Amino acid sequence: MISIATWNINSVRLRMPIVERFLVEQAPDVLCLQEIKTVAELFPYDAFNALGYTHHAVHGQKGYHGVATVSRIPLNEISRHNWQDNGEARHVGVELLGPGKGMVLENVYVPAGGDEPDRTINPKFGQKLDFLERMTRWAETVDRPTMIVGDFNIAPLESDVWNHKQLLKVVSHTPVEVETLERFKDAHGWIDVGREHIRDPQRYYSWWSYRSKDWKENDRGRRLDHMWASPELAKQVTGHSVHEACRDWEKPSDHVPLVTEFDL
DNA sequence: ATGACTAATCAAATTAGA
């Protein structure tokens, strides 16, 4: 059995205390982090090594973005896709070499897309859609058992948001984004592992804004984080969990971690 | 609809998240 986790950590250096707590309590074999907000040279390798996570693939950047995959299982970094087409650090791909050998694990941070869902007045929105189109062209070529996880910044289903009608024109839940994400899904036949286990229309969120006095009180969440698997690999999934409790820890990220377990 | 927040950079105010 192996387990893989994903978490948009919103600054890994600031949040090492809760990362350590999560690793001690949940002990995933692999953890994929997004928004590490640091260059690789300043990544807290020692703290991960001390907990047994001695294998790392860090694609960092100063101040913004950045992704990292840390693991107790030996891994080999195999790719850093430039789906943003501007050099931003938003992807790192690895293959597992120990248990789960042969699995490719893609860690991605899709751009948020700005405020206005119209590419003619908001270039960031167009950049987001173009990013997804490049991912789709890549997905058509995937021919190995692959898991793609991370912050997709899109909540596709009505049950992925606290209020579907109210969010239809809010970036992350607009029809054009949902349709673009659907094309990416179809390009490889990805299985939405999270939704296999917490099925629509059950409530499933992974992000709650910092701008709420009490995130739990009105529960205005969105499912922005995803774990998708190749069809054959998805058959090996035995469990999936959302760790909402982490949103209440000291100095939390606005995202919570997801964990998928495999019979591998 | 918006924002009551938070982080990095840089050292006061700006950019960004979503």
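Below, chain A is the first sequence line, B the second, and so on; all start at residue 1. Here the structure is a predicted model, which is why all the values come from computation and not from measurement.
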Exercise. Any side-chain donor paired with an acceptor under 3.5 Å for A:Thr174 and A:Glu177?
Worked result: yes
Rounded to whole angstroms, how far apart are [atom1] on [X] and [atom2] on [N]?
| X | N | atom1 | atom2 | value |
| --- | --- | --- | --- | --- |
| A:His226 | B:dA18 | NE2 | P | 12 Å |
| A:Arg223 | B:dA18 | CZ | C1' | 17 Å |
| A:Trp162 | B:dA1 | CH2 | C1' | 11 Å |
| A:Gln166 | B:dA1 | CD | C1' | 8 Å |
| A:Glu116 | B:dA1 | CD | C1' | 12 Å |
| A:Gln127 | B:dA16 | CD | P | 10 Å |
| A:Tyr205 | B:dA18 | OH | C1' | 16 Å |
| A:Leu167 | B:dA18 | CG | C1' | 11 Å |

Please work out if [X] contacts a base, only the sugar-phosphate, or nothing of the nucleic acid, heavy-atom cut-off 4.0 Å.
| X | value |
| --- | --- |
| A:Asp254 | nothing |
| A:Lys124 | sugar-phosphate |
| A:Phe125 | nothing |
| A:Asp214 | nothing |
| A:Glu35 | sugar-phosphate |

Exercise. Taking atom C1' in both B:dA7 and B:dA11, what distance in whole Å separates the two?
Worked result: 15 Å
Exercise. How far does the P atom of B:dT15 sit from the matching atom of B:dA1, given to the nearest Å?
Worked result: 25 Å
For this session: By nearest nucleotide on DNA chain B, pick out whichever of A:Lys169 and A:Arg90 is the more 5' one.
Result: A:Lys169
Problem set entry | Distance under 6.0 Å and angle within 45° of ring axis: A:Arg222 vs A:Trp208 | no
Seminar exercise, completed: Readout for nucleotides 3-9 of chain B: B = base within 4.0 Å of protein heavy atom, S = sugar-phosphate only, - = neither; 5' to 3' it is BBBSSSS
For this session: Tell me whether the centres of the aromatic rings in A:Phe184 and A:Trp190 are closer together than 6.0 Å.
Result: yes
For this session: Check whether the ring centres of A:Trp7 and A:His255 lie less than 6.0 Å apart, and answer yes or no.
Result: no
Seminar exercise, completed: Only one of A:Thr6, A:Val149, A:Val193 passes side-chain contact (heavy atoms from CB on, under 4.5 Å) with A:Leu258, and that residue is A:Thr6
Exercise. Counting just side-chain N and O atoms, does A:His255 come under 4.0 Å of either OP1 or OP2 of B:dG17?
Worked result: no
Output a table of donor-acceptor pairs, distance under 3.5 Å, between side-chain atoms of residues 97-112 of chain A and any protein atom two or more places apart or on a different chain; print 'none' if there are none.
| unit_1 | atom_1 | unit_2 | atom_2 | d |
| --- | --- | --- | --- | --- |
| A:Glu106 | OE1 | A:His91 | NE2 | 2.6 |
| A:Asn107 | OD1 | A:Gln34 | NE2 | 2.9 |
| A:Asn107 | ND2 | A:Leu33 | O | 3.3 |
| A:Asn107 | ND2 | A:Ala68 | O | 3.1 |
| A:Asn107 | ND2 | A:Thr69 | OG1 | 3.2 |
| A:Tyr109 | OH | A:Glu35 | OE1 | 3.4 |
| A:Tyr109 | OH | A:Glu35 | OE2 | 3.3 |

Problem set entry | A:Arg247 and A:Asp254 ion-paired at < 4.0 Å | no
